[in-house]
2 protein chains.
Amino acid sequence: MIGFSFVFVFLMWTGVGGFRFDNLTHYVNSHEEEFVETLRTWVAVESDSSDIGKRSDLHRMMDLTAEKLRVIGGSVAMVDVGVQALANGSTIDLPKVVTAQFGSDPDKHTICIYGHVDVQPAKKEDGWETDPYQLTDINGNLYGRGASDNKAPVLAWIHTVEVYRALNIELPVNVKFLIEGMEETGSDGLDALIVAQRDTFFSDVDYIIISDCGWLSRRPAVTYGTRGNCYFFAEVSGPKKDLHSGVYGGTVVEPMTDLIGIMDKLISPSGEILIPGIREAVAALSDEEWKIYQDIDFDVERYKEDIGISELMYNNKVDLLAHRWRHPTVSIHGIEGAFSAPGTKTVIPAKVTGKFSIRQVPNMDPGVVERQVTDYLNAAFSKRKSPNKLNVTMVIGAKPWLADVNIPLYEAGRAAVRRVFDVEPDMIREGGTIPIAKTFEDVTGKSIIMLPIGGFDDGLHSQNEKISRYNYIEGTKLFISFLHEVSQIKKR
Amino acid sequence: MIGFSFVFVFLMWTGVGGFRFDNLTHYVNSHEEEFVETLRTWVAVESDSSDIGKRSDLHRMMDLTAEKLRVIGGSVAMVDVGVQALANGSTIDLPKVVTAQFGSDPDKHTICIYGHVDVQPAKKEDGWETDPYQLTDINGNLYGRGASDNKAPVLAWIHTVEVYRALNIELPVNVKFLIEGMEETGSDGLDALIVAQRDTFFSDVDYIIISDCGWLSRRPAVTYGTRGNCYFFAEVSGPKKDLHSGVYGGTVVEPMTDLIGIMDKLISPSGEILIPGIREAVAALSDEEWKIYQDIDFDVERYKEDIGISELMYNNKVDLLAHRWRHPTVSIHGIEGAFSAPGTKTVIPAKVTGKFSIRQVPNMDPGVVERQVTDYLNAAFSKRKSPNKLNVTMVIGAKPWLADVNIPLYEAGRAAVRRVFDVEPDMIREGGTIPIAKTFEDVTGKSIIMLPIGGFDDGLHSQNEKISRYNYIEGTKLFISFLHEVSQIKKR
């Protein structure tokens, strides 16, 4: 009886195929507070890649990341990817890219985890209810800039390796990390690194894993596509300095009026992109795709409530998902150089830069879009017969990415979700852009999967960004499970 | 011989009618550095009335002003004008208004000097070549925010009184001061004060003098009119928080698109105001007025060069001056709530507030303009069928002011200019707004004159604002001369 019990308990302990899942997840549960504390340390670093004034914080963030990977036994490198050209002609150092490697067993698959530790801008006065750089736990939600995008997911991956190491359990696959610090501003320098290391760092990589996205609802998801993004600056300049609107108003053609005039020509009130050629390039929606969208668990009413608006651009599920994932759109983000503070200022701004972006989908080509937008705006500006100058530049041109979901890698993702959450994941696309996905695919030829752990309501790029403890901790378990599932894929 | 010489020298010394002009101007010349140092101290105070975060600096500026007036013997009061209502529903104290009195001889005229010591916003990164709050002398030009608008003119008036006192020469007129700290944001609280003190502080005032403006060219000027200003906030709000443009773009109607759409309907590329009723209200240009404009010394080419543009809205002198002084115009100043920093941010702003103003001229009425603009924008917005909300508010509604130049007060101004500069002044109007001029006129019924000492190229409200030492010091002499000329006006 004693012998039988022992065998039974041993099987429970190690699970099928020696996968000691309960053991690993028990470790995760018992280290939850430690994992949250590490996230707190990371969120406290204002690694805003769009603000060159915070570049030293960003460098520090890369150092912290490298150190964390070293401590858990990784073979770590900090790769210099050169300098960033600034508008004024000078340059500053780009943050180094952190690479790490755990294991190099040729009999195992090798996965490469991509993530980023830079963040979007955030200021308390933008409407944050908490200090954006002070992780704050409210009812199990951890609020802070970068909490969900993308610091917690990066940490969850690092903790995944850490858990295996701590329990002295062999990693079922070789794990590499590629962590950058310029994702939020277009991954400057990363494309070149991938090209340069194609035959070295990436040569033995079988799969690339990205967790820089979120679920669509409370149901876990696996993501197989992202939109790209072309980000434009339209600079209108006239007077050599700002002018008093009383003293000069009525005598000069104001750059702001010109800029408003041309930006008003980008998109119609009903959401129709007015730039010729853009809509024509979009791949048609197939019946199969329509069917996938129909099957997805998505509550239009809840989406509306979450945003807090009375009407959406489209009010049925398929149109809404399609315009979120597989149609382009124009968003006007703001204007640099104009008066933007509270209060009143009677100024005629001398130089104003309108900032807008157009999300990219198959079969759009950023190079073509750049020409279409530039030609269109120049023509619209020319019609105004303004003495001011317009200069349109595309500062980000990221392609869309779309994967084949019928490969074993995606079954591994689905199986990992089933093990941890006991449900079939939603198969979704992402409206946002992970520019590097397309580059990975084009340069390395490897398969890519996105395995999100962020919640649907995490508020990425918005005020009050958060990740829940649940998603952070269960997400870590998902990654643990996924390593096992990948190890089960037959080696070719 | 000795007796003759003595009489001759004495006449030189005191001038005609006992006006010891040379004596007074000698004192000004020998105290130039001291006057510049005082201006430096004043410019160093960041008395930006539009920024509530700088309210304590503004209070300090009013204290400094009161102290300065007390030191030279004024009977000074700091008048509480209540609180300012903020957008969030709370309130903060308005800066006190400083009043002062020098002399109360019923046989003399009493003038009241109006000025302000608050300033427009200024940041080094807006494009200032020097620290805006550190007065910097470059080739005799004194650069600093508020140097010309309006700190140096206020100090020149204070120094005028100080010089008489220092030389123990009796003031030829009674002098009162009314110095406020909210001019740049609409003179909050001042109207009520003027109404309240109409029968006390203002009861014995004969003339009101304002030096809150500048010359048109290198030739000194006397100013007899100003445009008013209606400043609007157009707030478009939709989602309850900012959204990621990738995740949500294409599914929501973006407030920024709506705002750009309606602001594009305010003014045509050729400068035509598109709001019905506005142009119709403008007084016709008379032949006499046309003739005055023809006589003014104004170099269109230099104006263009000073601004740094290739083409103006109008390229002949009369049209240009008319559209600067006596026609309304729309200026779009900026947008609050949208992305305005350098770099890229992929945000859909949840709430954006467009800020624009319409300069007012006879016979426009701000109350009517408020309704015209609100109705027009609401109708334009309604056509968009947007689920977002538009809220148009007029936050400043200042009337235009126009004086009769054929009264003795204006001859006193012309004579004062002739004495100091040996030229006939340009008789000009001001495109900008000194909202209080109209209130003074309406409430007190007194005559008002504007006697500018700022240079035509001082860059008010712009980067690199300055006043020249020449204008500051010779301007002080102009005021000394003006006191004498006013004293020569026959008492009624």
Side-chain angles (χ1 to χ4, degrees), chain A residues 50 121 185 227 231 238-247 249-254 256-257 260-261 263-264 267 269 307-313 320 323-324 327 329 331-336 338-340 342-348 355 357 359 384 387 395 431-433 460-463, chain B residues 50 121 185 227 231 238-247 249-254 256-257 260-261 263-264 267 269 307-313 320 323-324 327 329 331-336 338-340 342-348 355 357 359 384 387 395 431-433 460-463:
Chain A
S50 76
T185 58
R227 291 196 289 194
Y231 202 111
K240 62 186 175 189
K241 58 182 178 177
D242 288 356
L243 302 172
H244 186 306
S245 66
V247 178
T251 66
V252 300
V253 181
E254 305 188 11
M256 192 67 175
T257 314
I260 298 283
M263 288 208 299
D264 189 28
I267 184 167
I307 299 172
I309 50 178
S310 59
E311 290 296 325
L312 292 160
M313 194 67 95
L320 201 65
H323 280 88
R324 190 173 179 177
H327 284 295
T329 187
S331 291
I332 303 175
H333 309 295
I335 298 173
E336 182 182 346
F339 178 56
S340 61
T344 58
K345 185 178 181 183
T346 49
V347 65
I348 298 172
K355 302 187 176 182
S357 64
R359 292 287 158 177
R384 299 182 65 86
V395 294
T433 305
L460 313 187
H461 293 213
S462 172
Q463 301 90 334
Chain B
S50 76
T185 58
R227 292 196 288 194
Y231 202 112
K240 63 185 176 189
K241 57 181 180 179
D242 288 356
L243 302 171
H244 185 307
S245 67
V247 178
T251 65
V252 299
V253 181
E254 304 187 10
M256 192 67 176
T257 314
I260 297 284
M263 289 208 298
D264 189 29
I267 185 167
I307 299 174
I309 50 179
S310 59
E311 290 294 326
L312 292 161
M313 193 68 92
L320 201 64
H323 281 87
R324 192 173 176 178
H327 283 296
T329 186
S331 291
I332 303 174
H333 308 294
I335 297 172
E336 181 181 348
F339 178 55
S340 61
T344 57
K345 184 179 181 181
T346 49
V347 66
I348 298 172
K355 301 186 177 184
S357 64
R359 292 286 157 181
R384 299 181 66 86
V395 294
T433 304
L460 312 189
H461 293 212
S462 173
Q463 300 91 337

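Each chain gets a letter, A, B and so on, in the order its sequence line appears, and its residues count up from 1. Quick caveat, the model's predicted, so the values are computed rather than measured.
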I'd like to know which of A:Ile260, A:Val252, A:Leu243, A:Ile332 tops the heavy-atom pair count under 4.5 Å against chain B. A:Ile260
So which heavy atom on A:Phe339 is nearest to which on A:Val347, and how close? CB-CG1, 4.1 Å
Heavy-atom cut-off 4.5 Å, strictly under: side chain, backbone, both or neither for B:His327 against chain A? neither
Interatomic distance, CD1@B:Ile335 vs CE@B:Met256, rounded to 0.5 Å, equals 3.5 Å
For the pair B:Arg324 (side chain) and A:Val247 (backbone), establish whether a donor and an acceptor sit closer than 3.5 Å, ignoring hydrogens and angles. yes
Working to the nearest 0.5 Å, report the span between CG of A:Leu312 and CD1 of A:Ile307. 5.5 Å
Which residues pass the side chain to side chain contact (heavy atoms under 4.5 Å, CB included) test with A:Arg359, sequence neighbours left out? A:Arg227, A:Asn229, A:Thr329, A:Thr433, B:His244, B:Ser245, B:Thr346
Residue from A:His333, A:Gln463, A:Met263 scoring the most non-hydrogen pairs under 4.5 Å with chain B is A:His333
Counting only non-hydrogen atoms closer than 4.5 Å, does B:Lys241 touch chain A with its backbone (N, CA, C, O), its side chain (CB onward), both, or neither? both
Output the option from B:Ser50, B:Gly238, B:Ala338, B:Gly334 having the highest count of non-hydrogen pairs under 4.5 Å with chain A. B:Gly334
With chain B as the partner, which of A:Gly261, A:Pro342, A:Ser310 has the greatest number of non-hydrogen pairs under 4.5 Å? A:Pro342
Evaluate A:Val253 against B:Ile309 for side-chain contact (heavy atoms from CB on, under 4.5 Å), listing each step before the verdict. CA-CA 9 Å; A:Val253 181; B:Ile309 50 179; over 6 Å; no
Could you look at B:Val395 and say if it's the side chain, the backbone, both or neither that has a heavy atom under 4.5 Å from chain A? side chain
Check whether A:Lys355 gets within reach of chain B through its side chain, its backbone, both or neither, counting any heavy atom under 4.5 Å. side chain
Answer with side chain, backbone, both or neither: which region of A:Ser357 has an atom nearer than 4.5 Å to a non-hydrogen atom of chain B? side chain
Any residue meeting side chain to side chain contact (heavy atoms under 4.5 Å, CB included) with A:Thr257, in chain and number order, not counting sequence neighbours: A:Glu254, A:Arg384, B:Ile267
Would you mind telling me which of B:Gly432, B:Ser340, B:Gly431 has the largest number of heavy-atom pairs within less than 4.5 Å of chain A? B:Ser340
